[in-house]
Amino acid sequence: MNVRMGLLCKKPDWTIDAFRAYWRDTHGPLAARTPGLREYWQNRVTDRIQRGIEFARGPWDFDGFSQLYFDDVGQANHAFRNSPLAPALIADEQHFLGLLHIVTAEQHVVVPVPPSPEREALLKRISTLKRRPELSEADFRREWIVHRGLVRKMPGIEGYRQNVVIARERVKGQPCDYPALPIDGIVELWFRDARALEAAFGSAAGQETMAHAKTFLEEITVFSVEEHRVV
């Protein structure tokens, strides 16, 4: 499944509370009208602690991640570039966002997320990944497939998705190359709580997983988030 993900930063003069309220109550309902949209989630960043791991962090400092699902990439591109709603969406984004990067990713569900209402009680973590400079995109993808099996062995994993980036827009609507937006993948992990997260990475399986991560990743940039489903 492909997912379109927005990597968002609020305008500097907006408070975090004002940003979250506007994103949820004003922009969310507007974006929900996007033609062809099947599912839409907002992930509000609550902290940026590299909890459970010791790893080089990248330069990213996002305030939120959006996830929008369409039947195919062409439908998503049409919706945001050529549909009647596209100009209103752009104007609204410019009103409250200081930065918006877009990535299109191929999503792989490794450990299915529990259904609601159990899902709402879980701790969710999103991490952006950058591969080691000596590795190719194909190298990264091959090693990340190996990594799935290691993560499955970790105790306390309630849900795990890998989002392999296949297209990038550092500025919305303007496709860019890898050096302009060097993010190879985005991880989604769910745990019962912070204690379960720490125990998972502190376990023997967690140590093995992170040892493997160092063989193919240069940066892991971690964000704890709160999920909100719009559509």
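None of the values given here were measured: they were computed from a predicted structure. Position 1 is the first residue of the sequence; numbering continues from there.
Less than 6.0 angstrom separates the ring centroid of H27 from the ring centroid of F96. Ring to ring, F191 and Y160 are not that close: their centroids are 6.0 angstrom or more apart. Ring to ring, W14 and H95 are close: their centroids are under 6.0 angstrom apart. Checked against the 6.0 Å centroid threshold, F62 and F65 count as a close aromatic pair.
For the pair E93 and K11, the salt-bridge criterion is not met [side-chain N within less than 4.0 Å of a carboxylate O]. By the 4.0 Å N-to-carboxylate-O rule, R48 lies close enough to D63 to be salt-bridged with it. Looking at D139 and R131, no side-chain N of the basic residue comes within less than 4.0 Å of a carboxylate O on the acidic one, giving no salt bridge. Taking 4.0 Å as the cut-off between side-chain N and carboxylate O, R142 and E137 do not count as a salt-bridged pair. Ion pairing between a basic and an acidic side chain is recognised when a charged N comes within 4.0 Å of a carboxylate O; K130 and E218 show such pairing.
M154 is listed as a side-chain neighbour of F201, based on a closest heavy-atom distance under 4.5 Å.
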Determine, stepwise, if the pair V187 / I126 fulfils side chain to side chain contact (heavy atoms under 4.5 Å, CB included).
CA-CA 5 Å; V187 177; I126 288 180; over 6 Å; no

Determine, stepwise, if the pair T221 / D61 fulfils side chain to side chain contact (heavy atoms under 4.5 Å, CB included).
CA-CA 9 Å; T221 308; D61 191 22; over 6 Å; no

Would you sort out whether F70 and F80 count as a ring-ring contact (aromatic ring centres under 6.0 Å, His included), showing the intermediate values?
CA-CA 12 Å; F70 295 83; F80 290 107; 5.7 Å; yes

With salt bridge (charged side-chain N to carboxylate O under 4.0 Å, His left out) as the criterion, how do R119 and E227 come out once you've worked through the C-alpha distance, each side chain's angles and the decisive distance to 0.1 Å?
CA-CA 9 Å; R119 176 172 176 167; E227 288 187 306; 2.7 Å; yes

side-chain hydrogen bond (donor to acceptor under 3.5 Å, both in side chains) between Q67 and E39, intermediate numbers included:
CA-CA 8 Å; Q67 295 174 286; E39 195 172 326; over 6 Å; no

Test side chain to side chain contact (heavy atoms under 4.5 Å, CB included) on R51 and V222 and set out the steps.
CA-CA 8 Å; R51 186 177 288 111; V222 173; 5.9 Å; no

Salt bridge (charged side-chain N to carboxylate O under 4.0 Å, His left out) between E226 and K124: does it pass, once the steps are laid out?
CA-CA 7 Å; E226 292 177 345; K124 182 177 181 182; over 6 Å; no

Could you walk me through whether I186 and L129 pass the side chain to side chain contact (heavy atoms under 4.5 Å, CB included) check?
CA-CA 6 Å; I186 297 178; L129 308 180; over 6 Å; no

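Side chain to side chain, D92 and Y22 meet the donor-acceptor criterion of an N or O pair below 3.5 Å. At a cut-off of 3.5 Å, with distance as the only test, no side-chain donor of N2 or Q107 sits close to an acceptor on the other residue. Checked by atom type, the side-chain pair R24/Q42 shows no donor-acceptor distance below 3.5 Å. If you check the side chains of E143 and H212, you find a donor sitting under 3.5 Å from an acceptor.
Counting only distance, with no hydrogens or angles, the side chain of N43 and the backbone of S66 share no donor-acceptor pair below 3.5 Å. Proximity of a side-chain donor or acceptor of Q75 to a complementary backbone N or O of D71 within less than 3.5 Å is detected. Without hydrogens or angle criteria, T34 side chain to L37 main chain gives no donor-acceptor distance under 3.5 Å. Of the possible polar contacts, one joining the T46 side chain to the S224 backbone as a donor-acceptor pair under 3.5 Å is found. Under a 3.5 Å cut-off, the side chain of Q162 and the backbone N or O of G185 do not form any donor-acceptor pair.
I166 and M5 are assigned to two separate hydrophobic clusters, defined by single-linkage of ILVMFWY side chains at heavy-atom distances under 4.5 Å. Grouping the Ile, Leu, Val, Met, Phe, Trp and Tyr side chains by contacts below 4.5 angstrom, directly or via other members, places I157 with M210.
Ring pair F140/F216 is tilted by interplanar angle, where 30° to 60° counts as tilted.
Among all heavy-atom pairs drawn from A79 and A86, the shortest one is O-CB, 3.8 Å.
Taking the ring centre of Y178 as origin, the terminal cationic atom of R168 falls outside the region bounded by 6.0 Å and 45° from the ring axis.
Expressed to the nearest 0.5 Å, how far OG of S83 lies from CZ of R33 amounts to 10.0 Å.
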